[in-house]
Structure formats: structure tokens, C-alpha cells
Amino acid sequence: MFHGLSAFPLTPLKNGMFDEQSFINLLRPVVDAGVDSLGILGSTGSYAYLTVEERGRITRCAVEHAGDVPVIVSIGALRLDDILRLADDAQAAGASGVLMAPVSYQRLTEDEAFNLYETVTRQLSVPLCIYDNPATTGFAFSDELLFATAALPNVGSIKLGRVPEELSQVRARLPDTVTLGIAGDWRAASALQAGFDVWYSVIGGLFPQTALAIARSKEAAQSERLEPLWELFRRYGSLRVVAAAAEMLGKAKTPALPFPLQAIQGEPREALAAILAELKLA
């Protein structure tokens with residue numbers, strides 16, 4: 001589950017509500033493509049904008065339509081009782097794993113972050129992926145905190161938005177049971193070449209064949225041809241770009257994102273249309 005390509009699809013909305021049929025239609029080609037896991041309700045899935053009840057319904061829908069593909073569900077939330085309920089819902093639905101970033105309105109201290117993961121992992125029956133996502137949470141794991149948290153029970157993977165300078169030293173201090181995953185699609189090929197185990201992928205949730213080609217080959221050239229798309233990701237955020245692509249391709253209704261978020265518009269959207277026509281992603 002925490003190896004290869006983990007595809008993170010959108011959670012499409014219709015009139016501000018979960019669009020179940022569009023979600024199922026998004027999942028079907030991703031599952032059929034043979035991705036190694038599905039990442040549901042991640043940042044690309046807009047989890048932070050949805051209620052606990054909505055997230056439970058989406059989780060059940062994803063597991064029902066995932067076939068033999070393992071489902072990893074984000075359980076991040078501001079309140080501990082919500083996190084634990086989300087974890088229970090995911091486990092009861094049949095999810096194979098969970099993912100959690102240290103979400104907090106007040107920036108956490110290292111002790112607070114460790115205590116959060118220690119409390120949650122004690123109550124899990126499935127493995128958890130730690131998500132170090134300082135651009136969103138405002139909290140960055142130090143190396144020492146990362147190693148200490150990775151040693152907690154039921155931790156199975158770490159999702160990083162960077163490639164450590166001394167990757168071999170990081171490996172040496174992690175438990176053998178914990179894999180390393182990369183976020184930031186433009187980094188994927190180089191990270192996999194360097195020895196990362198899994199790519200937690202945004203484009204994999206919409207263009208699984210293209211993402212699988214990069215993940216399986218680990219060739220820089222496969223990724224470099226997508227540089228115009230990566231540039232849009234870096235400039236506007238991958239969520240806004242992939243939502244626009246889904247809307248333009250008829251995979252999701254417009255607007256697909258929760259208010260006040262918007263898919264890219266105007267000149268960036270026109271540039272995306274030209275990129276999609278040229279690259280012929282699948």
C-alpha cells in the first residue's frame with residue numbers, strides 16, 4: 001500500500017454538495033489503471049472543507065468502488081474527537097490505511113505534535129502515514145521529531161514535500177517498516193530515483209496512466225515533458241489546476257471546489273487547455 005503510486009483524486013462537488021456520481025466516475029479509470037493505492041480526502045480531496053459526516057460518506061463510497069486497490073483516508077482535523085471519529089469511520093468502512101497532517105489553527109509545538117500522533121496511533125488498527133506539509137499547516141517536522149514520530153506504533157509511511165540532502169542517513173534512522181513518500185508531483189521522478197518508495201500523486205487521481213508511466217520508469221524525461229503543467233502547479237497550487245482540468249474535461253461539474261476556493265480562470269485556464277491538448281495525458 002505504501003509503495004509505488006498512490007493516486008489522490010478530487011472530491012467533486014455539485015452546488016456545494018458531494019457529487020457522488022462524478023466521484024465514482026473519477027475513481028473508475030484510476031482503479032482500472034492499476035494504481036497501488038487511492039488517497040481519499042487528502043488536500044486534493046478538500047478534506048478540511050468537509051464535515052465529519054460528509055467525509056464518512058465519501059470514505060464509504062471510495063472503499064465500495066476501489067475494488068482490490070487499497071484505500072488511504074485522510075483523518076486530519078482540528079479537534080481530537082473529530083480525528084478519532086474519522087479514524088473509526090475509515091476503519092469501519094474498510095480503509096487499508098489513514099493519513100494525517102498536524103492540522104491546527106494555532107501552530108503546534110513539537111511536543112504538541114508528538115502527543116497528537118502518539119494519542120492517535122495508539123487507537124488505530126490500520127497503519128498511518130505521517131504528512132509533513134508545512135506550506136499548509138505552518139508546522140514543519142524537525143528530523144528528530146520525524147524519527148521519534150515514525151517509531152510510534154502503527155506508523156507505516158512518511159509523506160514529505162522535500163528530498164532530504166542525506167537520504168541514506170534518514171533511512172538509517174527510520175524503522176524498516178516505515179516507507180518514504182514524496183509529495184509535489186514535479187519532484188516525483190527525482191525522488192523515486194533517489195530511493196523514495198511511494199509517490200503521493202495529484203495527477204494520478206485524474207491522469208493515472210501518465211502518472212504510472214513516471215512512477216514505473218522513474219525517468220526524468222517522462223516528468224520533464226510535463227514541466228508546463230508543473231509550472232502551473234507551482235504557481236497556482238495543484239488543487240486549483242487539477243480542478244480546472246477536471247471541469248474542462250467534463251469529469252466534474254463547475255465549480256468543483258468548495259467555496260471560496262476556485263479552479264484557475266482566465267489566462268491560466270487557457271494556458272492549461274493548450275497544455276492538455278499538447279500533452280495528451282491519460
Give the C-alpha distance, both sets of side-chain angles, the deciding distance and a yes or no for side-chain contact (heavy atoms from CB on, under 4.5 Å) between L281 and L229. CA-CA 11 Å; L281 306 178; L229 181 63; 4.0 Å; yes

Roughly how far, to the nearest 0.5 Å, is [atom2] of [Y] from [atom1] of [X]?
X	Y	atom1	atom2	value
S96	M1	OG	CE	5.5 Å
L212	Q222	CG	CD	11.0 Å
D88	Q123	CG	CD	8.0 Å
F233	L272	CZ	CG	8.5 Å
D89	R60	CG	CZ	6.5 Å
L99	I158	CG	CD1	11.5 Å

Check: [Y] main-chain N/O paired with [X] side-chain donor or acceptor under 3.5 Å:
X	Y	result
W230	S223	yes
S157	T179	yes
R55	V73	no
D197	H3	no
R235	P268	no

Please tell me if the side chains of [X] and [Y] come closer than 4.5 Å, counting only heavy atoms from C-beta onward.
X	Y	answer
V242	I203	no
R240	L261	yes
L50	L41	yes
L167	P164	yes
I83	V103	no
M100	L116	yes

For N133 and S43, what are the C-alpha separation, side-chain angles and deciding distance, and is it a side-chain contact (heavy atoms from CB on, under 4.5 Å)? CA-CA 10 Å; N133 185 18; S43 299; 4.0 Å; yes

Under 4.0 Å between a Lys/Arg side-chain N and an Asp/Glu carboxylate O for [X] and [Y]?
X	Y	value
D36	R216	yes
E231	R234	yes
R225	E278	no
K14	E20	no

Measure across A252 and A256 and return the closest heavy-atom pair with its distance rounded to 0.1 Å.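 Heavy atoms only, the tightest pair is CB-CB, 3.9 Å.
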
With a sphere of 6.0 Å drawn around CD of E267, does it hold more than 12 non-hydrogen atoms of other residues, nucleotides or ligands?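 Counting neighbours around CD of E267, 12 or fewer heavy atoms of other residues, nucleotides or ligands fall under 6.0 Å, so no.
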
Could you tell me whether R187 atom CZ has more than 12 heavy atoms of other residues or ligands within 6.0 Å of it?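 It does: R187 CZ has more than 12 such atoms within range.
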
Passes side-chain contact (heavy atoms from CB on, under 4.5 Å), D68 versus V31? Steps please. CA-CA 8 Å; D68 295 330; V31 171; over 6 Å; no

Same apolar cluster (I L V M F W Y, side chains within < 4.5 Å links), [X]/[Y]:
X	Y	result
Y200	V155	no
I72	F8	yes
L80	L78	yes
V198	L174	no
V71	L128	yes

Test: ring pair (Phe, Tyr, Trp, His ring centres under 6.0 Å). Region: residues 130-151. Which pairs qualify, not counting sequence neighbours?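 For residues 130-151, and leaving out neighbouring residues, the ring pair (Phe, Tyr, Trp, His ring centres under 6.0 Å) pairs sorted by first residue read Y117-F141, F139-F141.
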
Residue pairs passing the ring pair (Phe, Tyr, Trp, His ring centres under 6.0 Å) test where at least one lies in residues 13-68, sequence neighbours excluded: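 Every pair satisfying ring pair (Phe, Tyr, Trp, His ring centres under 6.0 Å) with a residue in residues 13-68: F18-F23.
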
Contacts of type salt bridge (Lys or Arg N to Asp or Glu O under 4.0 Å), residue E112, not counting sequence neighbours: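 Once residues adjacent in sequence are excluded, E112 has no partner under the salt bridge (Lys or Arg N to Asp or Glu O under 4.0 Å) criterion.
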
With side-chain contact (heavy atoms from CB on, under 4.5 Å) as the criterion, how do L160 and L180 come out once you've worked through the C-alpha distance, each side chain's angles and the decisive distance to 0.1 Å? CA-CA 8 Å; L160 296 177; L180 271 177; 3.9 Å; yes

